[in-house]
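Okay, structure first, notes after.
Small disclaimer: the values here were computed from a predicted structure and weren't measured. Lettering of chains follows the sequences in order, A, B, ..., and the numbering in each one begins at 1.
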There are 2 protein chains.
Amino acid sequence: MNPLYIQIKKRITESLVGGLWHPGHSIPSEIELAQSYNVSQGTVRKAIDELAAEKILIRRQGKGTFVASHNEEHNQLRFLRLTSSLGDKEKLDNKLITFEKEKASNGLAKILGINNASTVVSIKRVLTFNEKPLILDLIKVPAASFRGLTPEKVIEKKGSMYRMYETDFGIQMLHAKEKIRAVTASAEAAELLGVSLDSPILSVERTSFTYDNKAIEWRLGLCLTENHHYATELE
Amino acid sequence: MNPLYIQIKKRITESLVGGLWHPGHSIPSEIELAQSYNVSQGTVRKAIDELAAEKILIRRQGKGTFVASHNEEHNQLRFLRLTSSLGDKEKLDNKLITFEKEKASNGLAKILGINNASTVVSIKRVLTFNEKPLILDLIKVPAASFRGLTPEKVIEKKGSMYRMYETDFGIQMLHAKEKIRAVTASAEAAELLGVSLDSPILSVERTSFTYDNKAIEWRLGLCLTENHHYATELE
DNA sequence: GAGTGGTCTAGACCACGGC
DNA sequence: CCGTGGTCTAGACCACTCA
């Protein structure tokens, strides 16, 4: 049998997945949870500690424990690791290129955990910083999970896809895996990013996950790294 | 005043830095530490919990708590994020190109936290996988911290620089920051890696740190990513 | 002042490793 | 069997937030 605090953690996660508690709002206090689960406060505390470490919950002394939300300004770019090498502040913008529905390839279906040839929404866009194109994104999400996703919504949200997923579809991005390569610009990428053919491009392939490691989005980002770099930390 | 467990954590870290306990060996049991620090076992436990989360200590139920070591086989490549896209097992090898001592530039001195124009050891090498060149590394470390570092040592250790730092110089790599870019192959890189001029190359600039965030090594890795990718996780 | 999370303690019992 | 870390509990007190 699993340790008690792991079971409590699971039950809390289930309440989160089930939508019992909502992002940005508080969950019951440790004492209340301890009573309703019939365990000691210390056990609830340990369960919440882990969820807080995973950034799924946020503790605030004196106020309570809250469901993490990515709506706040400073969280907008939580998953955007590309930063200016000069350290200047930049104005982010979003230009939609295409918005289509299509059948998922076998590989994509496997990654997203959906049936072969299920419908996916395919979005192509260019992110600009200070009016200059920097990233060409190709994004694919299961249509079934995002009914009502329209080109207008993508444009309206100005590039904050993950924020839109949360507010409009109740789907939260919790973590992601990336594969990074150096490639040369294709004809399309060269044109959309405004560089010459065969310029070096940083290719970032990302699969994003929500609760319980359920894949929810696949995307390929092609980034210019002349004045920017991808920052990461090894531990 | 800091919480007690933070103070205990600091005292444990000091013992590690001071070399009182050695990598791979066990530290005193929680009960002994609690007695010698005059705190409860729970407080020591919380301090060790954090150090274990940072992979500085390793707990083993029934055996004790050990100082993390990177000598084990499976830890060899802890900081090598480049993996084969095909998933095959590969034979790693190491070819030393140049080994020189030089004066640190101002930028490098600042990164490494040493005086301007201090002497650094500069190493250039090529890492091969299955006999094929894959990474061109340029490594710079403060000469003062690595007295006795010779070309022979680099060759002998077959690419495990961090292992050598630990066993031969008592310096442990704990974490690192990286900046990643896509660039084109210089004439030198093209020749050493066996690709054509202007091929796309993944540039990985790394600064590595030991205890207390002290920088200890700077390196630039130029990687071929035709059949490999750099893997990372966002959380 | 009431309620929240944060720290600290003391003690009980469990699970694992090695003698 | 003993000693280790791992879990769980109960209770005390502190620090912070807000009415």
**Request:** For residues A:Phe209 and A:His175, establish whether the separation of their ring centroids is below 6.0 Å.
**Result:**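 Yes: the rings meet the under 6.0 Å criterion.
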Atom [atom1] of [X] to atom [atom2] of [N]: distance rounded to whole Å?
X: B:Ile48; N: D:dG5; atom1: CD1; atom2: P; result: 7 Å
X: A:Arg59; N: D:dT17; atom1: CZ; atom2: P; result: 15 Å
X: A:Gln35; N: D:dT9; atom1: CD; atom2: P; result: 13 Å
X: A:Lys46; N: D:dT7; atom1: NZ; atom2: P; result: 4 Å
X: A:Ile58; N: C:dG5; atom1: CD1; atom2: P; result: 14 Å
X: A:Gln41; N: C:dG6; atom1: CD; atom2: C1'; result: 10 Å
X: B:Leu4; N: D:dA15; atom1: CG; atom2: C1'; result: 16 Å
X: B:Ile31; N: D:dC2; atom1: CD1; atom2: P; result: 14 Å

**Request:** Hey, which sits more toward the 5' end of DNA chain D by its nearest nucleotide, A:Tyr5 or A:Gly62?
**Result:**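 Its nearest nucleotide lies further toward 5', so the answer is A:Tyr5.
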**Request:** Name the nucleic acid region contacted by A:Arg45, choosing base, sugar-phosphate or nothing; use a 4.0 angstrom heavy-atom cut-off, strictly under.
**Result:**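 If one applies the 4.0 Å heavy-atom cut-off, A:Arg45 turns out to touch a base.
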**Request:** Find out whether the Lys NZ or Arg CZ of A:Arg60 is both under 6.0 angstrom from the six-membered ring centre of A:Phe66 and within 45° of the ring's axis.
**Result:** yes
**Prompt:** Would you say B:Thr43 reaches C:dC8's phosphate, i.e. side-chain N/O to OP1/OP2 under 4.0 Å?
**Reply:** no
**Short side-chain N/O contact to C:dG5 OP1/OP2 from A:Thr65, under 4.0 Å** =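 Checking C:dG5 against A:Thr65, a side-chain N or O does come within under 4.0 Å of OP1 or OP2.
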**Asked** Which distance, rounded to the nearest 0.5 Å, do you find between the CZ of B:Arg11 and the CG of B:Leu16?
**Response** 13.5 Å
**salt bridge (Lys or Arg N to Asp or Glu O under 4.0 Å), paired with A:Glu205, selected from A:Lys177, A:Arg219, A:Lys140, A:Arg181** =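 Between A:Glu205 and the candidates, salt bridge (Lys or Arg N to Asp or Glu O under 4.0 Å) is satisfied uniquely by A:Arg181.
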Side chain of [X] only, please: which of [options] is the nearest?
X: B:Glu32; options: C:dG5, C:dT9, D:dT4; value: D:dT4
X: B:Lys63; options: D:dT4, C:dG17, C:dT9; value: C:dG17
X: A:Gln61; options: D:dT4, C:dT7, C:dG6; value: C:dG6

**Prompt:** Do A:Leu134 and A:Cys223 have side-chain heavy atoms sitting under 4.5 Å apart?
**Reply:**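 No, their side chains stay 4.5 Å or more apart.
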